[in-house]
Amino acid sequence: MFCGQLISSRFTPLRTTDTVGEALLQMEEKQVSCLPVVDEDHYLGMLREEDLLDEEASLPIADFSDLSSGVAVRSQDHFLVAVKLSHVYDLPLVPVANEKQEWEGVIVQSDLFRQLAMLTGAEEFGSMLVLEMERKEYAPGLMNRLVESNDALITQLNTWYDTATQLLTVVIRINKEEISDVVASFQRHGFFIRYYLGEEMFRNELQSNLEHLLNYLNI
């Protein structure tokens with residue numbers, strides 16, 4: 001998915017001829033904490049509500065100097081570029097402009113989250129394993145063979161490195177709900193499973209509840 005495909009039609013930019021009062025009113029109506037500012041078709045930057053609250057309502061935006069950086073994504077950028085921009089600059093709306101800094105629109109943060117859910121397979125059928133290991137232990141080929149040996153497929157594999165623990169976290173999405181055999185295979189090969197989600201977890205919870213009930217009845 002590319003940024004140009006996610007542009008929202010629900011938001012119009014502020015103009016340099018607008019006043020602080022008009023900008024605050026638009027932010028309240030749209031229920032957002034910032035809005036883009038343009039001069040004709042030229043994108044200037046994002047104006048934040050918190051920077052306007054102590055200003056005179058009649059002050060024109062053209063005289064206002066506290067615009068956020070005019071950084072923007074391009075229509076042809078992958079949507080993950082917009083995710084990074086939203087995170088780095090804390091933007092609920094990510095501006096889109098062309099190479100000439102001409103205004104094209106905004107991407108809403110909730111639409112980015114929706115695309116992230118699709119990318120990570122969060123909405124798909126299946127289960128999930130979360131492993132922790134040292135970097136030298138990372139072996140995607142072996143992980144794939146272990147999953148396939150249990151009649152399943154890896155649909156997503158994501159990693160990140162925790163500088164605090166100096167461990168690599170590996171998140172594996174699998175196209176299979178019942179994963180007791182997959183969990184057992186990974187444990188036999190010495191992998192540390194931090195967390196797993198699937199039918200096996202559900203069965204473990206039922207078994208635990210049953211044991212608690214029997215212990216209670218035996219009191």
Side-chain angles (χ1 to χ4, degrees), residues 1-123 130 156-171:
M1 180 66 69
F2 296 95
C3 290
Q5 298 171 274
L6 295 174
I7 292 177
S8 172
S9 60
R10 294 190 290 123
F11 297 90
T12 56
L14 298 169
R15 304 287 174 178
T16 52
T17 53
D18 292 334
T19 65
V20 168
E22 290 170 334
L24 287 172
L25 181 60
Q26 288 195 47
M27 291 179 188
E28 182 179 359
E29 290 176 347
K30 296 295 185 181
Q31 297 184 332
V32 292
S33 59
C34 66
L35 280 172
V37 179
V38 300
D39 182 8
E40 294 184 351
D41 291 330
H42 186 75
Y43 168 63
L44 300 177
M46 299 294 288
L47 193 61
R48 296 181 182 272
E49 180 183 32
E50 62 190 41
D51 297 327
L52 300 177
L53 296 177
D54 295 329
E55 301 292 339
E56 291 291 335
S58 59
L59 178 68
I61 290 177
D63 298 338
F64 198 81
S65 59
D66 285 341
L67 286 177
S68 297
S69 172
V71 293
V73 297
R74 309 294 184 225
S75 291
Q76 64 271 24
D77 286 339
H78 192 270
F79 87 92
L80 286 177
V81 178
V83 172
K84 180 179 180 180
L85 204 68
S86 176
H87 172 69
V88 171
Y89 293 95
D90 190 24
L91 295 174
L93 303 175
V94 178
V96 184
N98 64 19
E99 291 77 6
K100 297 180 180 179
Q101 205 67 354
E102 293 172 337
W103 172 252
E104 294 189 1
V106 295
I107 302 172
V108 184
Q109 194 177 62
S110 58
D111 291 336
L112 293 177
F113 287 157
R114 190 174 299 109
Q115 291 300 316
L116 276 175
M118 293 174 60
L119 180 67
T120 57
E123 299 177 345
V130 180
Q156 295 283 339
L157 191 152
N158 297 287
T159 66
W160 72 86
Y161 184 69
D162 189 336
T163 55
T165 63
Q166 295 187 330
L167 292 175
L168 186 70
T169 298
V170 182
V171 180

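Every value quoted in this text rests on a predicted model; they were computed, and no experiment measured them.
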Looking only at heavy atoms, the pair that brings I7 and S75 closest together is CD1-OG, 4.3 Å

Take V94 and L6 through the test side-chain contact (heavy atoms from CB on, under 4.5 Å) and record every step on the way to the result.
CA-CA 10 Å; V94 178; L6 295 174; over 6 Å; no

Below 4.5 Å, heavy atoms only, C-beta onward: do L93 and V108 meet side chain to side chain? yes

Taking the side chain as everything from C-beta on, heavy atoms only, tell me whether L91 gets closer than 4.5 Å to R48.
yes

* Is a side-chain N or O of R74 found less than 3.5 angstrom from the main chain of V96, in a donor-acceptor match? -> no

Quiz item: More than 12 non-hydrogen atoms from neighbouring residues, nucleotides or ligands closer than 6.0 Å to NE2 on H42, yes or no?
Solution: yes

(Q) Set out, in order, the CA-CA distance, both residues' side-chain angles and the distance that settles salt bridge (charged side-chain N to carboxylate O under 4.0 Å, His left out) for D18 and R15, then state yes or no. (A) CA-CA 5 Å; D18 292 334; R15 304 287 174 178; over 6 Å; no

**Message:** With a sphere of 6.0 Å drawn around CG of D41, does it hold more than 12 non-hydrogen atoms of other residues, nucleotides or ligands?
**Reply:** no

CD (E49) and CE (M27) are apart, to the nearest 0.5 Å, by 6.5 Å

Practice item. Find out whether V83 and Q115 are in side-chain contact, i.e. whether some heavy atom of one side chain is under 4.5 Å from a heavy atom of the other. Key: no

Exercise for the section: Anything under 30° is parallel, anything over 60° is perpendicular, the rest tilted; go ahead and classify H78 against F2. Expected result: perpendicular

Rounding to 0.5 Å, atoms CG (L35) and CG (L24) come to a distance of 10.0 Å

The reported gap from CG in L112 to CD in Q109 (rounded to nearest 0.5 angstrom) is 7.0 Å

Rounded to the nearest 0.5 Å, the OH atom of Y161 sits from the CG atom of L167 at a distance of 7.5 Å

Taking the side chain as every heavy atom from C-beta outward, state whether F79 and L116 have any pair of such atoms under 4.5 Å apart.
yes

> Would a 4.5 Å heavy-atom cut-off, applied to side chains only, mark V71 and V88 as touching?
Replying inline: no

In short, V106 meets P95 closest at the heavy-atom pair CG1-CA, 4.2 Å

dist C34:SG -> D90:CG (nearest 0.5 Å) comes out at 8.5 Å

- [ ] Flag the pair E56 / V20 as yes when at least one side-chain heavy-atom distance between them is below 4.5 Å, and no otherwise.
- [x] no

Checking V81 against K84 for the side-chain contact (heavy atoms from CB on, under 4.5 Å) test, could you report, in this order, the C-alpha distance in whole Å, the side-chain angles of both residues, the deciding distance, and whether it holds? CA-CA 5 Å; V81 178; K84 180 179 180 180; 5.8 Å; no

Between T19 and S58, the two heavy atoms sitting closest are CG2-O, 3.9 Å

D162, CG: over 12 other non-hydrogen atoms inside 6.0 angstrom: yes

Taken to the nearest 0.5 Å, the spacing of L14 CG from L44 CG works out to 10.5 Å

From the list Q101, E102, E104, side-chain contact (heavy atoms from CB on, under 4.5 Å) partner of Y43 resolves to Q101

